[in-house]
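The model shown is predicted, which means the values in this text are computed figures rather than measured ones. Residue numbers start from 1 in every chain, and the chains themselves are labelled A, B, ... in the order their sequence lines are given, proteins ahead of strands.
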Amino acid sequence: MRFERREHRPLALVILTPLLAVAAAMALSGLLIAAAGAPVLEAYWRILVGAFGSRLSATETLTRATPLMLTGLAAAVAFRARVWNIGGEGQFYLGAIAVAAVGSRLLADAPGFLSIPLLLVTGAVAGMILLIVPLWLRLKFSVDEVVTSLLLNFVAVLVVSMLIDGPLKDPLAFGWPQSQAVPDAAMLPKLVARSRLHWGVGIALGLAFVVHFVQSRTVFGLKSRAAGLSPEGAIFAGVPLARTLLLVACLSGGLAGLAGAVEVMGVKGYVTTDLSPGFGYSGIVVAMLAGLHPLGVVLAALFTATMFVGADGMSRALKIPTYIADVTVALSLITMLVAVFFAQYRIRR
Amino acid sequence: MTETVLEIDRVSKSFGDNKANDAISMTLARGEIVALLGENGAGKTTLMSILFGHYVPDEGHIHVFGAELPPGRPRAAIHAGIGMVHQHFSLASNLTVLENVMTGTETLWSWRSETGRARAKLTSLAERFGLAVDPDARLGDLSVGEQQRVEILKALYNDARILILDEPTAVLTNLEAETLFVTLKEMARQGLSLIFISHKLDEVMAAADRVVVLRGGKVVAERRAADTSKAELAELMVGHRVARPVREAHERGASVLEAAAVSVRIDGVDRLKDVSFRLHAGEVLGIIGVSGNGQAALARMVSGTLARSSGDILLYGEAIGDLSVAGAIAAGIGRVPEDRTRDGAIGEMAVWENVVLERIDEPRFSRRGFVDRKASIAFTEAIISGFDVRGGGPLTRTRLLSGGNMQKLILGRNLADRPRILIAAQPARGLDEGAVAAVHARILDARKAGTAVLLISEDLDEVIGLADRIQAIVGGRLSAPVSTDEVDARALGLMMAGAWKKEAA
Ligand SMILES: Nc1ncnc2c1ncn2[C@@H]1O[C@H](COP(=O)(O)OP(=O)(O)OP(=O)(O)O)[C@@H](O)[C@H]1O
Ligand SMILES: [Mg+2]
């Protein structure tokens, strides 16, 4: 048996690949559920019910998917241009804390129509800055941004915990390390009353389309792809390599920072060190599941959120651990990578 | 009768609707050198890739030393005694020669490394065939010719008895090519069998015992080298008579690009020293020299990807400091780079994207930052038909074009706009006879229309055929120009050897 690279990939295959991958992952984690002594089909049913069974759970799933879409887009945009941004988590937190700081101080009395856009931009800019540093190090000193962007995650989280235990600490939080809150006027309006679902999901969806459009139709999209695929070829064609990659970094870091901003302004209003259950890292998984396609990111984020939210319901009903959700998401990443391989190659004999 | 070592029997392979190999049959005898000839895209590389197990044929069989070769298994091919020297070497530049030769053969389960034995085998092979290389040299430090020697040694190390070379001389200097053929003949004398692909008819006539000609995926002719001629082979390949175009006398115009005592230093090494030339509208200035003497730096400097350290560059009479890529394109300089797969095109992008990438900011290809796909594709289609690029359309991934067709695409992209200046580094490298004639005609047309052409080439025939004036490049220095009509090949040979340097000193 050997593999031969497929040169023509039928569209059906491109669409089927992730679906088959997810199905395979479900089948595999089904084995684990069975091993835990629970009925497999019912477990999956419970996940679906847990994620979409009621108005509350459905809005919860969408709320959870929102930051994942944004961090997923951040990773997808960067990876397309071969900028290995592993720092989504740090950019998320820096965006969040910047919003809390500016929102609770400078814009405390501003009306919503002013403070909301300003704060969203603030979060995005904070995320950008955190990615520009590693990219600059790569361009200037050829330092691998995989390492630097990853390590900056820890720096960012530590800075956040210092700030929320120090200058930004909320004096009314009974000593809990928690930042001051942004004013109510600066909170994103709810999309569905009496739920946590906010307008952030609309922002994320809109941005997915914008990113798709930018990548497929604009000069910048073409140049950034060239820069990612072949630096030598891009330079020869006059693509300003450093500037193009810097713009990519701004877009990617900005999206991850925006995820943090939206999470603060949409859900909690303030920052704690458990604001993100790893949204930045999960964004990488989401991007890979989506095959780095911006519209695919939306679906992959929904899938991931469904698994996480639904697993709670399943675990309550069947008394099996919620870790099943982690395992399924991780398994689907692996099956996706295998499926992508098979979609690109064909087996001969 | 001599023993048949390889028998290809009605092998076919299609890519989509494209029949790259159509029932090809050929044989190879012990101790024989066969040249495989054919137009760009005729299917030569495809056939050799099938032989080596990279592709699975749709139909047909291959027998090696009488046994059927299982299709699509490189390991089986190596085991059967087939060795392949790819045009783009598949060696690791950070390993030593010895390590490169050993990788792939060493079993993972061996108790100790077999370095000692490997070294002995490598040295004895190198001696036997006159392929001198230092086993401990890092591959990245070797010249292209030496790297190719390592590829050959690697095949021999794996006990190859049939050696396949895909356009081995395309990347070599003339001198290196001559050495290579001495080696190949020695290998044949010692009982190995060889197939090599080439577009250079001189070397085919000189080195091959037999010639097989492919056209459109089919074998159209087979000749003993002794019974044929260059002219016949060229005609068999293309299907009609080909003649290189003749340069007609032509009035040249004003100086458009001038270098005055330009030097370029990279990492403390002088790549160009006090280089001066003056390029006029409507003339071809040929720069000849053995490759590795500064041609690359010169080409890059005038293409805008290399900054000079001292001296002046004058564009249309004005000193401009360094040329940038954007500046060069804006000034109407067309650029054909020497390395088409690295600089000239991005393999994973579509053909149309490669065509418009360097001019995407112009209003005809984009408006307010949005790509005009329709216009870009229409422009690409015009180039594809105008320059006879075969094997794909605007949406094809560029990597899938055959080597020669990719070169035609790059030329087309630069000539389509009637550039005021054309920098052409080895423009005919890897092209078949017909395509060379077509490219030469295009360059002469451009000259007639007033384009100033800087032709950097190692091919004396090409330079004599196209250039009005010639300068030699030796060790990063340029000779004074001579008029092509006033020198002969011998004088040019002396120039390339640097004879003028002594006079000057
Ligand atoms: N992997 C592939 N997928 C699709 N088409 C291919 C592939 N490889 C080659 N082709 C097509 O098959 C034809 C034969 O290509 P091949 O590379 O064998 O030509 P060649 O004779 O080696 O030409 P050249 O002299 O230009 O190198 C071309 O039309 C080429 O575009
Ligand atoms: Mg070829």
Side-chain angles (χ1 to χ4, degrees), chain A residues 1-11 13-14 79-82 142 209-245 247-248 250-251 291-293 340 343-349, chain B residues 15-18 53-57 70-76 300 303-305 324-330 335 337 339-350 352-362 365-373 376 392 396-400 410 413:
Chain A
M1 183 176 96
R2 57 175 245 104
F3 300 104
E4 188 175 291
R5 211 184 156 105
R6 251 183 231 276
E7 300 302 1
H8 306 278
R9 244 187 296 166
L11 183 68
L13 193 67
V14 174
F79 290 2
R80 259 282 166 97
R82 313 263 160 111
S142 341
F209 280 97
V210 169
V211 167
H212 173 60
F213 189 74
V214 165
Q215 285 189 335
S216 59
R217 296 276 168 226
T218 67
V219 171
F220 167 69
L222 185 70
K223 286 183 175 176
S224 60
R225 212 152 61 80
L229 288 171
S230 160
E232 292 89 5
I235 289 173
F236 190 84
V239 172
L241 204 59
R243 201 192 324 150
T244 306
L245 293 183
L247 276 174
V248 169
C250 286
L251 191 57
L292 305 188
H293 194 290
V340 164
Q344 279 174 356
Y345 294 81
R346 116 180 52 211
I347 311 173
R348 302 295 298 240
R349 294 200 189 210
Chain B
F15 297 107
D17 305 334
N18 185 350
H54 283 309
Y55 289 138
V56 182
R73 302 209 347 231
R75 275 191 171 277
R300 287 183 55 200
S303 299
T305 56
S324 67
V325 174
I329 294 169
R335 305 159 309 137
D339 191 336
R340 59 174 165 250
T341 51
R342 197 194 62 177
D343 299 321
I346 299 176
E348 287 300 322
M349 302 222 307
W352 75 267
E353 292 175 310
N354 271 304
V355 166
V356 299
L357 183 60
E358 63 182 25
R359 273 165 291 179
I360 193 66
D361 291 318
E362 293 176 12
F365 298 127
S366 68
R367 243 164 284 121
R368 282 192 230 98
F370 295 109
V371 176
D372 187 341
R373 239 177 104 101
S376 304
T396 309
R397 235 179 311 163
T398 310
R399 186 166 61 73
L400 300 184
I410 295 170
R413 152 180 106 193

For [X], which atoms come within 4.5 Å of any heavy atom of chain A: side chain, backbone, both, or neither?
{"X": "B:Arg373", "value": "side chain"}
{"X": "B:Asp361", "value": "side chain"}
{"X": "B:Ile329", "value": "side chain"}

Side chain proximity check, [X] to [Y], heavy atoms < 4.5 angstrom:
{"X": "A:Arg82", "Y": "A:Leu229", "result": "yes"}
{"X": "B:Arg359", "Y": "B:Arg413", "result": "yes"}
{"X": "B:Pro337", "Y": "B:Ile410", "result": "yes"}
{"X": "B:Val356", "Y": "B:Val371", "result": "no"}

(request) Mind ranking A:Gly233, A:Gly221, A:Pro240 by heavy-atom pairs under 4.5 Å with chain B and telling me who comes out on top? (result)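 With the most close heavy-atom pairs to chain B, the winner is A:Gly233.
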
(request) Flag the one option from B:Arg335, B:Glu358, B:Met349, B:Arg300 with the top tally of heavy-atom pairs under 4.5 Å to chain A. (result)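 Most heavy-atom pairs under 4.5 Å with chain A: B:Arg335.
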
(message) Working to the nearest 0.5 angstrom, can you tell me the gap between B:Trp352 CH2 and B:Leu357 CG?
(response)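 Here the interatomic distance stands at 9.5 Å.
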
(message) As an exercise, state the distance from CZ of A:Arg80 to NE2 of A:His293, rounded to the nearest 0.5 Å.
(response)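 With rounding to 0.5 Å, CZ (A:Arg80) is 6.5 Å from NE2 (A:His293).
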
(request) Using a heavy-atom cutoff of under 4.5 Å, enumerate the residues of residues 210-217 of chain A that contact chain B, numbered in order, or state 'none'. (result)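 Checking residues 210-217 of chain A against chain B gives A:Phe213, A:Arg217.
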
(request) Go through the structure and list residues passing ring pair (Phe, Tyr, Trp, His ring centres under 6.0 Å) with A:Phe220, not counting sequence neighbours. (result)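 Per chain and number, A:Phe220 pairs via ring pair (Phe, Tyr, Trp, His ring centres under 6.0 Å) with no residue.
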
(request) For a side chain to side chain contact (heavy atoms under 4.5 Å, CB included) with A:Glu232, tell me which candidate from B:Asp343, B:Thr305, B:Asp339 qualifies. (result)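 Exactly one pass, corresponding to B:Asp343.
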
